[in-house]
Amino acid sequence: MAPGRRKSLCFNTMPDRPNDAYDPQAVERKWERRWEERGTHHTDLPGATRPYFNLMMFPYPSAEGLHVGNVFAFVGADIQGRYHRLKGRQVFEPLGFDAFGIHSENFAIKVGTHPAELIPRNIARFREQLKRIGLMVDWRYEVQTTDPRYYKWTQWIFLQLLRAGLAVKRRAAVNWCPACKTVLANEQVIGGYCERHPDVKVEQRMLDQWFFTITKYAQRLLDHLETADWSHSTRTIQANWIGRSEGAELVFETPAGKRITVFTTRADTVFGATYLVLAPEHPLVSELTTNERRPDVTDYRRRVAAMDLVSRKVGDKTKTGVFTGSYARNPATGKAVPIWIADYVLMEYGTGAIMAVPGHDERDFEFARAMKLPIVRVVAGPGHDGGTPLAAAEPEIPDGRLVNSPGYDGLPWEDAKRRITADLAAKGLGKAVVNYRLHDWCISRQRYWGPPIPVIYCDDCGTVPVPEQDLPVVLPALEDFRPDDSGVSPLARAESWYRVPCPGCGKPARRETDVSDTFLDSAWYFLRYPSADRDDVAYDGALTGKWLPVTSYIGGNEHAVLHLMYSRFVTMALHDLGLLGFEEPFTRFRAHGTIVKDGAKMSKSRGNVVNPDAYVEQWGADTFRMYLMFLGPYQEGGDFRDAGISGIRRFLDKVWLLTGAAAQTAPGAEQAHRDGAGDLLRMMHRTVQRVTEDTESLAYNTAIAAMMEYVNALRDGAPTRALVEPLVVLLAPYAPHFAEECWERLGHTGSVMDAAWPGFDPALAVAEQVEFVIQVNGKVRGRLRLSRGTAQETAVQAALADPGVRRFTGEGKPRKVIFVPDRLVNIVV
RNA sequence: GCGAAAGUGGCGGAAUCGGUAGACGCGCGGGCCUUAGGAGCCCGUGGGGCAACCCGUGGGGGUUCGAAUCCCCCCUUUCGCACCA
């Protein structure tokens, strides 16, 4: 039925809907079944000649099910995958579930159901929802991190890193909730209190923990960022997280000969270092404390230890601290300076000790004021000198030069930094060093729901790795897996599991009872996907060589630091062990935006989570997909509101009608348009160009707008097959079920996903007639339709002849004419 | 405080190698069709003015024939980090 004459003759039921009206539910059910039957989304992994690994961040299968934010993320990635498939690549689009971790465990405890029972239910629900969205996922390669067939290899990865010397055990501070009797992650500590016990203060405890020494790779992780094809925002976040800082380590000696090493980025200010501050946990503190000062020092250290890690860092920043009673010699001035301890110095950064320069550091200034310590100016800006008093710390003085620094006075401070460092180094009292903010990765969790760390402790042999052939170390089925009062992992209660013979000497030994961090599960899952059906290897060499590194990875910036950094680290480590042929796992990464609701991030606690099911049911997956993509720029996200979704539905209805009309026309009629209705053909080429470029660059909202414009134009003309078929292919990544049905309506028997993405002729993709803007003195005074490529003289003549323009140019001669081809003529009088 | 991104109609947003501001969609107004219409179709829709025109891209300066776009200052929002020495 032709558009414009769509009124039905029948009455009563749906009087205005033609009999063949678009019925999303029917169409989507039909194609989901067909895809399944035909294996449309199966990828021939070994046989592919132009592989494209299209990765999206696998979800944590929460009990609530999929939410709109997930759908937004997956659909945007799916569009890339489908687009590249239509462009002729063999696209592998796998998906899986990241189901270990404290969230699952806590939720299981809350509802009183074992996670081993809960998780499969959640996964089943998720999988159904995901299928309903129309993703091009090859489910044959699904992975589940909680499956022993998967975590066997997670444990294997641990053993490889252990072998490489990148896994070490050391004591470290953790957040401890006295009520939960367990450790908490930093994000579970809210304002110093436990998230589950708002009236219980969290403390810190020292525990033995396994660490991956990611800091050894800090510089490489940073260097590769410069050339990575990654979203700018993600690269910046990672670079900041690594936090490279160039400075020097300087040595202050005590009369007893103890060398206290401090890290500073401002060696130029060493003459102004009037005291030292050590972190309260610093190993030298006890030794340096005089008997007289010991009660105060001990008391202060105890108070700091009682504080949790979070409030220690973000809480009240009033400066506190105590004097140790000892002094050390400033290597530049030779004078003795007092040694203090204060909680504003952190043990985990630098050397855990600083030289305090109150004249040029705000924190030191504040502390010196409070403790009545001397403040000396050693850098002065223009017009100031060594005698100019300091009302506040002056950190970075433009054009500042050294003062009160015998031997260096008058030097610009940036130069002095280098000179002083070098001079002190020559005396063995310093060296230039680079420091990183990045910490080693603590992977130990004193919890139940995770892969056991595959290590055995033997009194004779010490720490023994579980032999690879004994993997996996299966997580025992514990009825009661709650953490108990001991502070020891729940696994320690599984007696029969815990006690094992030593793999080395056979004597009784004990298993490691900590499980590993979930971030380890997800740090290598992309390696597993192509080999998900293999039990003999973590990942197959040939397949990995063919499919990795990942061609395109799309995900949220909430994982910019931890997940992406850990994945890069594990990849580099495996590369260095000779187990991978590449150093970086993700060739291209794009961060999608966040979908917010009423201006706030969706979260259960806020109660503003939008469930996609109702929308899919009411509007269909295709309309919902397109609507989410049309909300705004994909890489920025946007506010979810359902006002406007009908616009997408109307658009699809129009395409449906166009398809019906075009199906009546003869095939291959493009030539006819070249002679006759050329404008539509030109517009088609332009549309193909816009949609191609926009889809490639994730500008989905404008790609959809371009298709809408084209459809509006087609409705005013005659929709032939040659004009409509390319549109259906353009639409396939966005509305896959719908496009399949349209493709079939047009008489094709195969999947539209096996069609070719339409090409465009750049010469045809521009209009023949263009509108020139005529300006007089920069103000728009008229418009003229002229043919493309009109020469300057012709255009100016036409402009000057225009009566509307004449009124402003007057009789005088133009002083100047600016001509922009095909766009504008500006006459200056 | 540091770092990054962004401020455009009633709303979501287009347009940033300087060159028609407001594409596309929602909403709104008018009309057609209709027993009816939250359906569909057509027209209109930044503000002011009868009009010629004038004013308009967070605010203020500047460069330019011409600025949403470039430069300087300020304000606001979002995100990341945060006593990092």
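Naming convention: chains lettered A, B, ... in sequence-line order (proteins, then strands); numbering from 1 in each chain.
When the shell of 6.0 Å around CD of A/Glu362 is examined, it contains 12 or fewer heavy atoms from other residues, nucleotides or ligands. Annotation for A/Arg788: atom CZ counts as buried by contact number, over 12 foreign heavy atoms lying within 6.0 Å. Other residues, nucleotides and ligands contribute more than 12 heavy atoms inside 6.0 Å of the CZ atom of A/Arg785. Shown here is A/Glu768, whose CD atom has no more than 12 heavy atoms of other residues, nucleotides or ligands within 6.0 Å.
A/Arg266 forms a cation-pi arrangement with A/Trp413, by the criterion of a distance under 6.0 Å to the ring centre and an angle within 45° of the ring axis. Relative to the six-membered ring of A/Trp230, A/Arg568 meets both conditions, a distance below 6.0 Å and an angle of at most 45° to the axis.
Using a distance-only test at 3.5 Å, with no hydrogens or angles considered, no donor-acceptor pair links the side chain of A/Arg244 to the main chain of A/Tyr436. Here the side chain of A/His360 pairs a donor or acceptor atom with the backbone of A/Glu394 at under 3.5 angstrom.
Spacing of C1' atoms, B/A14 relative to B/G22, comes out at 7 Å, to the nearest Å. Straight-line distance between the C1' atoms of B/A82 and B/U63: roughly 39 Å, to the nearest whole Å. B/U20 and B/A67: their C1' atoms are spaced 14 Å apart (whole Å). Nucleotides B/C11 and B/A23 place their P atoms 15 Å apart, quoted to the nearest Å. A distance of about 16 Å separates the C1' atoms of B/G10 and B/G44, rounded to the whole Å. Taking atom C1' on both nucleotides, B/G58 is separated from B/U64 by 23 Å, rounded to a whole Å. With both ends at atom P, the span from B/U69 to B/G18 equals 12 Å, rounded to whole Å. With both ends at atom C1', the span from B/U8 to B/G12 equals 12 Å, rounded to whole Å.
Atom OH in A/Tyr275 sits roughly 11 Å away from atom C1' in B/A85 (whole-Å rounding). Whole-Å rounding puts the A/Trp241 CH2 to B/C2 P distance at 20 Å. Look at NZ on A/Lys417: it is 10 Å from P on B/A85, rounded to the nearest Å. When the P atom of B/U20 is taken as reference, atom CG of A/Leu786 falls 16 Å away, rounded to whole Å. Following rounding to the nearest Å, A/Met683 (CE) and B/A23 (C1') show an atom-to-atom distance of 11 Å. Atom pair A/Glu771:CD and B/A23:P shows a separation of 14 Å (rounding to whole Å applied). When rounded to the nearest whole Å, the span between CZ of A/Arg785 and P of B/U20 equals 16 Å. If you take CE of A/Met629 and C1' of B/G25, they are 16 Å apart, rounded to a whole angstrom.
Remark: B/C33 base-pairs with no nucleotide; criterion is Watson-Crick or G-U wobble with both hydrogen-bond distances under 3.5 Å. Pair check for B/U69 finds none; no Watson-Crick or G-U wobble contact set falls under 3.5 Å. The pairing partner recorded for B/C2 is B/G80, the criterion being a Watson-Crick or G-U wobble arrangement whose two distances lie under 3.5 angstrom. Taking a pair to require two hydrogen-bonding distances under 3.5 Å in either a Watson-Crick or a G-U wobble arrangement, B/G44 pairs with B/C28.
Put simply, A/Arg781 has a side-chain N or O that comes within less than 4.0 Å of OP1 or OP2 on B/C54. Between B/A4 and A/Arg235, no contact under 4.0 Å exists linking OP1 or OP2 to a side-chain N or O. Between A/Asn712 and B/A23 there is no side-chain polar atom (N or O) within less than 4.0 angstrom of OP1 or OP2. Within the 4.0 Å cut-off from OP1 or OP2 of B/C26, at least one side-chain nitrogen or oxygen of A/Arg650 is found. A close approach under 4.0 Å does occur between a side-chain nitrogen or oxygen of A/Arg437 and OP1 or OP2 of B/A82.
With its glycosidic angle within 90° of 0, B/G9 is assigned syn.
With salt bridges taken as basic N to acidic carboxylate O contacts below 4.0 Å, none links A/Glu771 and A/Arg823. Between A/Arg690 and A/Glu709 there is a salt bridge, with a side-chain nitrogen of the basic residue lying less than 4.0 Å from a carboxylate oxygen of the acidic one.
Less than 6.0 angstrom separates the ring centroid of A/Phe367 from the ring centroid of A/Tyr344. Ring pair A/Tyr627/A/Tyr615: centre-to-centre distance not below 6.0 Å. The six-membered or imidazole ring of A/Phe640 lies away from that of A/Phe72, with a centre-to-centre distance of 6.0 Å or more.
Note on A/Thr236: only backbone sugar-phosphate atoms sit closer than 4.0 angstrom, heavy atoms only; bases stay farther off.
A/Asn435 and A/Ser245 share no donor-acceptor pair across their side chains, judged by distance under 3.5 Å alone.
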Check your understanding: Which letter, B, S or -, goes with each nucleotide of nucleotides 62-74 of chain B from 5' to 3', with contact meaning a protein heavy atom under 4.0 Å?
Key -> ---BS--------

Revision key, fill the gap. Scoring nucleotides 42-47 of chain B by protein non-hydrogen atoms under 4.0 Å (B base, S sugar-phosphate only, - none) yields ------

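Side chain of A/Ser245, nearest nucleotide from B/C24, B/A85, B/G19: B/A85. In the set B/C81, B/C26, B/A85, B/C26 carries the atom at the smallest distance from any side-chain atom of A/Ala643.
Nearest-nucleotide mapping onto RNA chain B: of A/Lys319 and A/Glu362, the residue sitting toward the 5' end is A/Glu362.
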Identify the pairs formed between an N or O of the protein and an N or O of nucleotides 5-14 of chain B at a distance under 3.5 Å, and give each distance.
{"unit_1": "B/C11", "atom_1": "O2'", "unit_2": "A/Arg641", "atom_2": "NH1", "d": "3.4"}
{"unit_1": "B/G12", "atom_1": "O2'", "unit_2": "A/Leu631", "atom_2": "O", "d": "2.5"}
{"unit_1": "B/G13", "atom_1": "O3'", "unit_2": "A/Asn701", "atom_2": "ND2", "d": "3.4"}
{"unit_1": "B/A14", "atom_1": "OP1", "unit_2": "A/Asn701", "atom_2": "ND2", "d": "3.0"}

